[in-house]
2 protein chains.
Amino acid sequence: MSGTKEKIVSMADRLVRTKGFNAFSYKDIAAPLDIKNAAVHYHFPAKCDLGVEVIEQEIEKFREQTGKWKQLPENEQLARLVDVFRQHNSQGNICLMGSLATDFETFAPAMQTKVQEMADGIVTWLTQCLEQGRKNKCIHFKGAAHARALLIMSNLQSSLLLSRVMGPTAFRSIADQLMEDLCQK
Amino acid sequence: MSGTKEKIVSMADRLVRTKGFNAFSYKDIAAPLDIKNAAVHYHFPAKCDLGVEVIEQEIEKFREQTGKWKQLPENEQLARLVDVFRQHNSQGNICLMGSLATDFETFAPAMQTKVQEMADGIVTWLTQCLEQGRKNKCIHFKGAAHARALLIMSNLQSSLLLSRVMGPTAFRSIADQLMEDLCQK
DNA sequence: GTCTATATTCCGATAGAC
DNA sequence: GTCTATCGGAATATAGAC
């Protein structure tokens, strides 16, 4: 227990979001932490192991955050989720899902499965939030909650991708219009 | 003029959409075409040159397609655009924008500029289509046309990404709900 | 746990023959 | 325009000393 392992995962998370999983190397992780790439391999023998750990931590983080919001009205919970993406946007990061979905076909089966787990978890939470929010009349939308959840997820995901290309105002346009559509009086 | 150059660009386009720009190699192009990687380098000295050509052809294709739709009602034009994405989805391809936005930070300046050109072209067309469609009462939405264009673009882009991870039904859910939102009576 | 050193493989790119 | 051959570099990963 030296803290190095946590630093490696944290650095890998940042690199996946900025450069993509296939575009960063063990050296990109080792150099800023002032260690050698062999040390990284000690903690994560294969790159796939590192990728799986990054995703698992993200799944856990998502569970913790949404758990804290449970007492809030559903429209507030939704606003918190948008805020998470807003913070990523201000740091020039894209979301894990967006980054990993692009390279999905090149991944080992173990990583593909983890990506699917993450996607399912987010969609499930979002679907329940929307359904409950519609019951409580604080979120408004037409059609099935599941389809709406996919729409919102695609908005958030691509808002970060588009911001990278077109500038950070793209995120704000999308996020603002999205919340207005769902939570107008 | 041997046709080889066109085949190379076509293969590169497919590889960008399936594996990502950084994840395919000159060998991935050469082998299926039964040529050597030196032949690819003859036509495109650097990988960046190849990337730029792929994007330029996509920009041109978009211009041609949308040009053919000019006489149609705007809601029909929108449906055609969704159909283009539907075809990509059925082939397991993601859109160029989605794929290239992820790796954007790793690109040479010349390629980054081309990606931005492509994004601007799509958003501009979509914005005009929405504005005109609202005037003609065949497309309905709230807020600014530009913000709505970004939302729709993010839906289409990520629908292909999510389909890759969650299965092709994700695209249909998103596309159907999207058209219903905009074109309901 | 971290290091040095290295094995192996692959990639982008170039030189020169044909 | 395409080939063979190869260079230089980088990446993942491993072996063995400390």
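Sequence lines set the chain letters: A, B, ... in the order given, protein chains first and strands last, and positions in each chain run from 1.
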Original post:
Cation over ring, R86(A) on F171(A), under 6.0 Å and within 45°?
Top reply: no

Original post:
Separation of I8(B) atom CD1 from dG12(C) atom P, in whole Å?
Top reply: 14 Å

**OP:** Could you tell me whether E64(B) and K61(B) make a salt bridge, using a distance below 4.0 angstrom between a side-chain N and a carboxylate O?
**Re:** no

**OP:** Give me the bend of the helix from dG1(C)-dC18(D) to dC18(C)-dG1(D), using the axes of the five pairs at each end, rounded to 10°.
**Re:** 0°

**OP:** Find the distance F107(B):CZ to dG12(C):P and express it as a whole number of Å.
**Re:** 13 Å

Subject >> Interatomic distance where CZ belongs to F21(B) and C1' belongs to dC11(C) [whole Å] >> reply: 13 Å

Subject >> Between dA7(C) (C1') and Y26(A) (OH): distance, integer Å >> reply: 17 Å

Original post:
Given atom NE2 of H41(A) and atom P of dT6(C), what is their separation to the nearest angstrom?
Top reply: 17 Å

Original post:
Under a 4.0 Å N-O cut-off, is there an ion pair linking D181(B) with R148(B)?
Top reply: no

**OP:** Using only side-chain N and O atoms of S25(A), determine if any of them is under 4.0 Å from OP1 or OP2 of dA10(D).
**Re:** no

Subject >> Touch class at under 4.0 angstrom, heavy-atom based, for F44(B) against every strand present >> reply: nothing

**OP:** Nearest whole angstrom, please: distance from the C1' of dA10(D) to the CG of D28(A).
**Re:** 11 Å

Original post:
So does E58(B) pair up with R63(B), basic N to acidic O under 4.0 Å?
Top reply: no

Original post:
Less than 4.0 Å between a side-chain N and a carboxylate O, is that true for E180(A) and K142(B)?
Top reply: no

Original post:
Rounded to whole angstroms, how far apart are NZ on K47(A) and P on dT9(C)?
Top reply: 19 Å

**OP:** Go through the structure and list residues passing side-chain contact (heavy atoms from CB on, under 4.5 Å) with D49(A), not counting sequence neighbours.
**Re:** F44(A), P45(A), A46(A)

Original post:
In whole angstrom, what separates L50(A)'s CG from dA11(D)'s P?
Top reply: 15 Å

Could you list, one pair per line, each protein nitrogen or oxygen that sits under 3.5 Å from a nitrogen or oxygen of nucleotides 2-4 of chain D, together with the distance?
{"residue": "dT2(D)", "atom": "OP1", "partner": "T4(B)", "partner atom": "OG1", "Å": "2.8"}
{"residue": "dT2(D)", "atom": "OP2", "partner": "H43(B)", "partner atom": "NE2", "Å": "2.8"}
{"residue": "dC3(D)", "atom": "OP2", "partner": "K36(B)", "partner atom": "N", "Å": "2.7"}

Original post:
Quick one: is the NZ or CZ of K47(B) closer than 6.0 Å to the six-membered ring centre of F21(B), and within 45° of its axis?
Top reply: yes

Original post:
Can K19(A) and D103(B) be counted as an ion pair, charged N to O under 4.0 angstrom?
Top reply: no

**OP:** Kindly indicate whether a cation-pi arrangement holds for K5(B) with Y42(B), taking the cut-offs as under 6.0 Å to the six-membered ring centre and within 45° of the axis.
**Re:** no

